[in-house]
There are 2 protein chains.
Amino acid sequence: MDTDLARERILDAAEDLFYARGIQAVGMDVIRDASGVTLRRVYQLFPSKSDLVEAYLARRDTRWLQSLAAYVDAAAGAPAERLAAVFDWLENWFAQSDFHGCAFINSFGELGGTSPQVAAAARRHKDTFHAYLRELATAAGATADIGTQIALLAEGAMTTAAISGTPAPARQARQAAQTLLTLETGRAKR
Amino acid sequence: MDTDLARERILDAAEDLFYARGIQAVGMDVIRDASGVTLRRVYQLFPSKSDLVEAYLARRDTRWLQSLAAYVDAAAGAPAERLAAVFDWLENWFAQSDFHGCAFINSFGELGGTSPQVAAAARRHKDTFHAYLRELATAAGATADIGTQIALLAEGAMTTAAISGTPAPARQARQAAQTLLTLETGRAKR
DNA sequence: TGTGGGCGAGAACGAGCGTTCTCGACTCTG
DNA sequence: CAGAGTCGAGAACGCTCGTTCTCGCCCACA
């Protein structure tokens, strides 16, 4: 098997398992079984489990943000609608059967207290996400602070959807975000 | 040593340690050392670690909500100010040196995928908290939906404060909550 | 004073898991 | 064909940790 393919299969298995069960609950042997890659090669590609965890988080970070941005770019053009599209994307995500909350919030909750690398990965991911929302907000004519407030709504929707098990928080957050944005940009209330 | 005192010392140690480092990262021997209670008595009072985890979450649930309610009750009377006081309380919490996010969000992220008891405890806690915010919102003349939206802001502030390490999200969330509430109750924008 | 039961301190046990090693088979090269 | 390197499969190692056991001590009670 190709090295790149092995690497991909390991990361695929790691992502599925770490995300579904938590990082500490998944042993390297389970990743071997799920990926079909021998333990020896796993350790050649990722010298330790924490390297694998870092790679898992790094790949998920870029893919998650890219998927979101692609969805937003595909949404019809008005800046306010682009912001609303963020919450539509979140709702789709929340409704997926394997949705289990934000991988970074989960990882931070699990290992943030003991692993500086995991804590830093979560911080970077959230920084990027919040900066993206601030961009969308300012493009829609609002202040960056409104973007920050909308980011809080998005974060709250993620944790609430995860814990409650329903995608409804996405709609609530979307509506609140629209209210904040509409008010700020001075348009009439619906 | 008194049984009740031993129980309290164990729970005190468990809360400090589980909250700071995560549940799986803290062994029973560490709880023995921190509490000064012998392993034998720990297991007499809590037959397994998961029993201790459940007791930890249960006690933290009631204490957290009681502390919040007491602060809100002490705040000056107008209903809208009571809601704002929630975010003042959050800001105080976030600024504490041992703040490490919401224990229930953290526990859910760590064990929600493998422990139905932990997942249920998180769900109950968040249900209660959100119901409380809906009460405060309706008492302030807004709809229950506004209360739900404000709950999302509070949740988002908790995770963002934890990951970013600053208490600033409390103020942002407070301002957004005020905006939502003010708009809804028809008062003039500041 | 003898005795039995409970307690503290710490060892011990057994399972899980991260990581490495062994062994046999296959491949590539001279 | 010979030999050396590489790889897959799985065992093995060492550590951690949840849980239980042992042993010596103390105290209540006859």
Side-chain angles (χ1 to χ4, degrees), chain A residues 1-58 106-107 109-111 113-118 121, chain B residues 1-57 106-107 109-118 121:
Chain A
M1 187 189 295
D2 193 345
T3 291
D4 289 347
L5 179 57
R7 192 182 173 83
E8 198 179 345
R9 288 205 185 163
I10 294 166
L11 282 171
D12 288 347
E15 180 159 4
D16 285 354
L17 293 161
F18 287 161
Y19 180 63
R21 302 187 204 168
I23 291 170
Q24 299 183 87
V26 175
M28 295 297 274
D29 55 338
V30 177
I31 286 173
R32 172 199 58 195
D33 295 344
S35 66
V37 176
T38 226
L39 219 41
R40 178 194 183 101
R41 298 194 74 190
V42 171
Y43 275 94
Q44 281 172 354
L45 294 168
F46 304 96
S48 76
K49 187 178 181 180
S50 52
D51 291 314
L52 178 56
V53 170
E54 251 177 288
Y56 150 61
L57 291 175
N106 292 347
S107 306
E110 182 173 359
L111 298 170
T114 56
S115 163
Q117 292 93 36
V118 168
Chain B
M1 188 189 298
D2 192 345
T3 292
D4 287 348
L5 179 57
R7 193 181 173 84
E8 197 178 345
R9 286 205 186 161
I10 294 165
L11 282 171
D12 288 347
E15 180 160 3
D16 284 354
L17 292 161
F18 287 161
Y19 179 64
R21 304 186 201 167
I23 291 169
Q24 299 183 88
V26 175
M28 295 297 273
D29 55 337
V30 178
I31 286 173
R32 173 199 56 194
D33 294 345
S35 65
V37 176
T38 228
L39 219 40
R40 179 192 184 101
R41 299 194 75 191
V42 172
Y43 275 94
Q44 280 173 354
L45 294 168
F46 304 96
S48 75
K49 186 178 181 180
S50 51
D51 292 313
L52 178 57
V53 170
E54 251 176 286
Y56 150 61
L57 292 175
N106 292 347
S107 306
E110 181 174 1
L111 298 170
T114 56
S115 162
Q117 292 92 35
V118 169

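Note that the coordinates shown come from a computational prediction; the quantities given were computed from them, not determined experimentally. In the text below, chain A, chain B and the rest are named by the order of the sequence lines, each starting its count at 1.
- Nucleotide dC17(C) holds its C1' atom 16 Å from the CD1 atom of Ile23(A), rounded to whole Å.
- Evaluation of the salt bridge (Lys or Arg N to Asp or Glu O under 4.0 Å) test over residues 10-25 of chain A, restricted to residues two or more places apart or in two chains, returns Asp12(A)-Arg59(A), Glu15(A)-Arg59(A), Glu15(A)-Arg60(A).
- The ring-ring contact (aromatic ring centres under 6.0 Å, His included) pairs that include a residue from residues 9-47 of chain B are Phe18(B)-Tyr56(B), where partners are two or more places apart or lie in different chains.
- Remark: Ala20(B) pairs with no residue by the side-chain contact (heavy atoms from CB on, under 4.5 Å) rule, at least two apart or across chains.
- For Asp2(B) and dG6(C), the CG to P distance is 18 Å, given to the nearest whole Å.
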Could you list the donor-acceptor pairs under 3.5 angstrom formed between side-chain atoms of residues 23-32 of chain B and any protein atom two or more places apart in sequence or on another chain?
| residue | atom | partner | partner atom | Å |
| --- | --- | --- | --- | --- |
| Gln24(B) | NE2 | Glu110(B) | OE2 | 3.4 |

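- In plain terms, the two heavy atoms of Asn106(A) and Gly109(B) that are nearest each other are OD1-CA, 3.5 Å.
- Residues Val118(B) and Ser107(B) approach most closely at CG1-O, 3.6 Å, considering heavy atoms.
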Quick one: which protein N/O atoms are closer than 3.5 Å to N/O atoms of nucleotides 14-16 of chain C? Pair and distance per line, please.
none

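- Residues meeting the side-chain hydrogen bond (donor to acceptor under 3.5 Å, both in side chains) test with Thr114(A), sequence neighbours left out: none.
- The separation between Arg32(B) atom CZ and dG18(D) atom C1' is 12 Å, rounded to whole Å.
- If you measure from atom CZ of Phe18(A) to atom C1' of dC17(C), you get 12 Å, rounded to the nearest angstrom.
- If you take CG of Asp33(B) and P of dG18(D), they are 12 Å apart, rounded to a whole angstrom.
- Residue contacts shown for Val26(A) are limited to sugar-phosphate atoms, with no base heavy atom under 4.0 Å away.
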Summary of protein contacts for nucleotides 19-27 of chain D, nucleotide by nucleotide, where a base hit scores B, a sugar-phosphate-only hit scores S (4.0 Å, heavy atoms):
BB-B-----
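- For Thr38(B), the side-chain hydrogen bond (donor to acceptor under 3.5 Å, both in side chains) test picks out no residue, with sequence neighbours left out.
- Using a 4.0 Å cut-off, no side-chain N or O of Arg41(A) falls inside it from OP1 or OP2 of dC7(D).
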